[in-house]
J.: 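One structure, pasted below without further comment.
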Amino acid sequence: VTEISWWHSMTGALSERVNTMADEFNKSQSDYKVVPIYKGTYDESMAAAIAAYRAGNAPDILQIFEVGTATMVYSKGAIKPVYEVMQQAGEKFDQNAYVPAVSGYYSTAKGMMSFPFNSSTTIMFYNKDLFAKAGLDPNKPPATWQEFVGMAAKMKASGVTCPYTTTWQSWVHLESFAAWHNTETASKSNGFGGLDARLKINGPLQVRHIENMSNWAKQGYFIYAGRKDEANAKFNAGECAIITGSSSAYADIRKNAKFKFGVAPLPYYSDVAGAPQNTIIGGASLWVMGGKKADEYKGVAKFFTYLSKPEVQAKWHQETGYLPVTKAAYEITQKSGFYERNPGTDVAVKQMIVKTTDKSRGIRLGNYAQIRTVIDEELENVWTGKKTPKDALDSAAKRGDELLARFEKANK
Ligand SMILES: O=P(O)(O)OC[C@H](O)CO
């Protein structure tokens, strides 16, 4: 039996699903054994994989978050493109079966570089019980940021200690926020048009929004909980009335929440022309590492064929809140009546099926995992009152551009 190692960053209900999928594949045949290994958060696992690659003991399959995509695409030798793995193993791989927002994110002109696995997008969850406590209609979540302000004030007045929180602040409030308002995050179509792209995260729209968030933080409407998904625990414990973040938060909310919850689209500014456009994908994809034996690649390809089955993808989507990455997975889910039985589970899908523009397709920027750290630091300077929103965003853009310039030079 050939073992196939799979490093991932899934926790809670998500990691249970990952283990079940590997088990099911392992039971379906006797030549290969997929071994899933939790390697820490997305950035921890990416750093561990780079070190392991240098030491010659990288895993076969590596789950990398969406912002690591450009770095992986340019890591020639360290990775083996998925279209090549599938072709050489003689496995069928229909790239047209994928939802365009997903395949577009992970493809180059040659084909799909990684295997789309857990694509999410930015949405809102809210606690209906806390809405009722504040005298708000539990079936009317805020559709716009303008509406949000009055509601947050009512929640605060009714004694809610955390009216609003968010996970992944840079993804939700800058990257996806910009696409939702059909605004660029970087020049050159957010980096898809070339390595010389530079950040545009300090424009008037972004400054306006971060200024609002800064005021909401001061008024106690917005409670900052951390850079990654720390805020989920606060929401799941019933402390926060509203959370914005990954659609995949659904997996643990539906399992753990002891309150009635609702799912709604990400709020937007209704006075911005072109909004709402579409939000962008997050989550991660599976990369195949370079320098492995032919037999291992064959096993990886077989496992990807298993993961490509519409019914496997549909189950993953329905249980986790990740997007259906193929049209077939979406259709199976729709026909089964799942969306009617579980109101709100199609919110993420609807935000994504819109035709994207050159500003809203996604981002393809090198060193972006490091740039996220810079953005996180600068936003924290705003929440703690050390910097004005404009100064913090200007500084994030400048420091981020230095990282982009370095990446451009190294990959020319
Ligand atoms: O929680 P996930 O897996 O949807 O990922 C969220 C962000 O996109 C990570 O960059």
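Quick caveat, the model's predicted, so the values are computed rather than measured.
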J.: Provide the full list of side-chain hydrogen bond (donor to acceptor under 3.5 Å, both in side chains) pairs with a residue in residues 98-113, sequence neighbours left out, each pair given once.
T.: none

J.: Looking at every heavy atom in both Val300 and Val288, which two are closest together, and how far apart are they?
T.: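 Of all heavy-atom pairs spanning Val300 and Val288, the closest is CG1-CG2, 3.8 Å.
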
J.: Looking at Lys154, I want to see if its NZ is surrounded by more than 12 non-hydrogen atoms of other residues, nucleotides or ligands under 6.0 Å.
T.: no

J.: Just by modelled atom types, is the Thr41 backbone N or O under 3.5 Å from a matching donor or acceptor in the Glu44 side chain?
T.: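 Here the side-chain-to-backbone pair exists.
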
J.: Below 6.0 angstrom between ring centroids: does that apply to Phe261 and Phe235?
T.: no

J.: Between the side chains of Glu175 and Thr185, is a donor N or O closer than 3.5 angstrom to an acceptor N or O?
T.: no

J.: If we check ring-ring contact (aromatic ring centres under 6.0 Å, His included) with Trp6, which of these qualifies: Phe303, Tyr32, Tyr38?
T.: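 Going through the options one by one, the only one that passes is Phe303.
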
J.: Under the side-chain contact (heavy atoms from CB on, under 4.5 Å) rule, what do Asn26 and Val34 come out as? Steps first, then yes or no, please.
T.: CA-CA 7 Å; Asn26 293 342; Val34 170; 3.8 Å; yes

J.: Of the non-hydrogen atoms in Ser120 and Trp171, which two are nearest, and what is the gap between them?
T.: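 Here Ser120 and Trp171 meet closest at OG-CH2, 3.2 Å.
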
J.: Between Gln277 and Lys355 (side chain of the first, backbone of the second, donor and acceptor by atom type, cut-off under 3.5 Å), is there such a pair?
T.: yes

J.: Would you check if there is a donor-acceptor pair between the side chains of Ser5 and Trp7 at a distance under 3.5 Å?
T.: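 Side-chain D/A pair, Trp7 to Ser5: absent.
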
J.: Say you draw a straight line from OG of Ser176 to CG of Asn278; how long is it, rounded to the nearest 0.5 Å?
T.: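 Going from OG on Ser176 over to CG on Asn278, the span is 8.0 Å.
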
J.: Please check if the side chain of Thr384 supplies one atom and the backbone of Glu380 the other of a donor-acceptor pair under 3.5 Å.
T.: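 At least one qualifying donor-acceptor pair exists.
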
J.: Checking Thr161 against Glu239: is there a side-chain donor and acceptor pair closer than 3.5 Å?
T.: no

J.: Quick check against the 3.5 Å criterion: does Asp252 have a side-chain atom that pairs as donor or acceptor with the backbone of Ala13?
T.: yes

J.: Pick from Thr244, Ile123, Ile243: which one makes a side-chain contact (heavy atoms from CB on, under 4.5 Å) with Val172?
T.: Thr244

J.: Any chance you could lay out the side-chain hydrogen bond (donor to acceptor under 3.5 Å, both in side chains) test for Glu24 and Tyr306, step after step, and finish with the verdict?
T.: CA-CA 9 Å; Glu24 282 172 6; Tyr306 162 80; 3.0 Å; yes

J.: Go through it in stages, so that I can follow the logic: the residues are Asp346 and Phe338, the test is side-chain contact (heavy atoms from CB on, under 4.5 Å), and I'd like the CA-CA distance, side-chain angles, deciding distance and then a yes or no.
T.: CA-CA 9 Å; Asp346 57 348; Phe338 177 83; over 6 Å; no

J.: Quick one: does Asp229's side chain have a donor or acceptor within less than 3.5 Å of a partner on Asn232's backbone?
T.: no

J.: Is it the case that more than 12 heavy atoms not belonging to Gln146 sit under 6.0 Å from its CD atom?
T.: yes

J.: Backbone N or O of Ala275 within a donor-acceptor pair of the Asn182 side chain at under 3.5 Å?
T.: no

J.: Which label fits Trp145 and His173: parallel for a plane angle under 30°, tilted from 30 to 60°, or perpendicular past 60°?
T.: tilted

J.: Got a donor-acceptor contact below 3.5 angstrom from the Thr166 side chain to the Gln169 backbone?
T.: no

J.: So how far is it from Glu3 CD to Asp60 CG, rounded to the nearest 0.5 Å?
T.: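 The CG atom of Asp60 is 9.5 Å from CD of Glu3, to the nearest 0.5 Å.
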
J.: For a quick test of reading the model, state the closest non-hydrogen atom pair linking Gly400 to Val374 and the distance between them.
T.: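 Smallest interatomic distance, heavy atoms only, reads N-CG1, 4.5 Å.
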
J.: How long is the span from the CG atom in Leu379 to the CG atom in Leu174, to the nearest 0.5 Å?
T.: 5.5 Å

J.: Do you see a donor-acceptor pair shorter than 3.5 Å between the side chains of Gln63 and Ser45?
T.: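 No, no side-chain donor-acceptor pair sits under 3.5 Å.
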
J.: Flag the pair Lys228 and Asp43 as a salt bridge only when some basic side-chain nitrogen lies within less than 4.0 angstrom of an acidic carboxylate oxygen.
T.: yes

J.: Given the rule in the side-chain contact (heavy atoms from CB on, under 4.5 Å) test, do Arg17 and Tyr322 qualify, once you have shown the distances and angles that lead to the verdict?
T.: CA-CA 12 Å; Arg17 245 345 274 157; Tyr322 279 115; over 6 Å; no

J.: For the atom pair CH2 (Trp168) and CD (Glu230), what is the distance rounded to the nearest 0.5 Å?
T.: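 Spacing of CH2 (Trp168) from CD (Glu230) equals 8.0 Å.
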
J.: If you measure from the Lys or Arg side-chain nitrogens to the Asp or Glu carboxylate oxygens, is any gap between Asp394 and Lys390 under 4.0 Å?
T.: yes

J.: Hey, what do you get for CG (Asp358) to NZ (Lys188), rounding to the nearest 0.5 Å?
T.: 12.5 Å

J.: Counting only heavy atoms not in Arg406, do more than 12 sit closer than 6.0 Å to its CZ atom?
T.: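 No, not enclosed.
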
J.: Between Glu378 and Arg399, is there a side-chain N and carboxylate O pair less than 4.0 Å apart?
T.: yes

J.: For a 4.5 angstrom cut-off between non-hydrogen side-chain atoms, does Thr69 reach Ile64?
T.: no

J.: Do any N or O atoms from the side chain of His181 and from the backbone of Thr183 form a donor-acceptor pair under 3.5 angstrom?
T.: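 Not at all, since once roles are kept as given, no pair shorter than 3.5 Å links the two residues.
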
J.: Should Val312 and Trp316 be marked as a side-chain contact (heavy atoms from CB on, under 4.5 Å) after you check the CA-CA gap, both sets of side-chain angles, and the distance that decides it?
T.: CA-CA 6 Å; Val312 171; Trp316 171 249; 5.7 Å; no

J.: Can a donor-acceptor pair be found between the side chains of Gln351 and Thr121 at a distance below 3.5 Å?
T.: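 Judged by distance alone, the side chains do not pair up.
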
J.: Do Lys315 and Glu319 meet the salt-bridge criterion of a basic N to acidic O distance under 4.0 Å?
T.: yes

J.: Between Glu408 and Gly366 (side chain of the first, backbone of the second, donor and acceptor by atom type, cut-off under 3.5 Å), is there such a pair?
T.: no

J.: Measure the spacing between CZ of Phe131 and NZ of Lys128 and express it to the nearest 0.5 Å.
T.: 10.0 Å

J.: Within the supplied structure, the quantity of interest is the number of heavy atoms (other residues, nucleotides, ligands) at a distance under 6.0 Å from Lys398 NZ; does it exceed 12?
T.: no

J.: Centre of Tyr297's six-membered ring, under 6.0 Å away, within 45 degrees of the axis: is that where NZ or CZ of Lys80 sits?
T.: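 Yes.
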
J.: Does the side chain of His209 pick up a donor-acceptor pair with the side chain of Tyr269 at under 3.5 Å?
T.: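 Yes, side-chain donor-acceptor contact under 3.5 Å.
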
J.: Please confirm whether the backbone N or O of Asp391 pairs with a side-chain atom of Ser395, one donor and one acceptor, at under 3.5 Å?
T.: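 No, because the side chain of Ser395 does not come within donor-acceptor range (under 3.5 Å) of the backbone of Asp391.
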
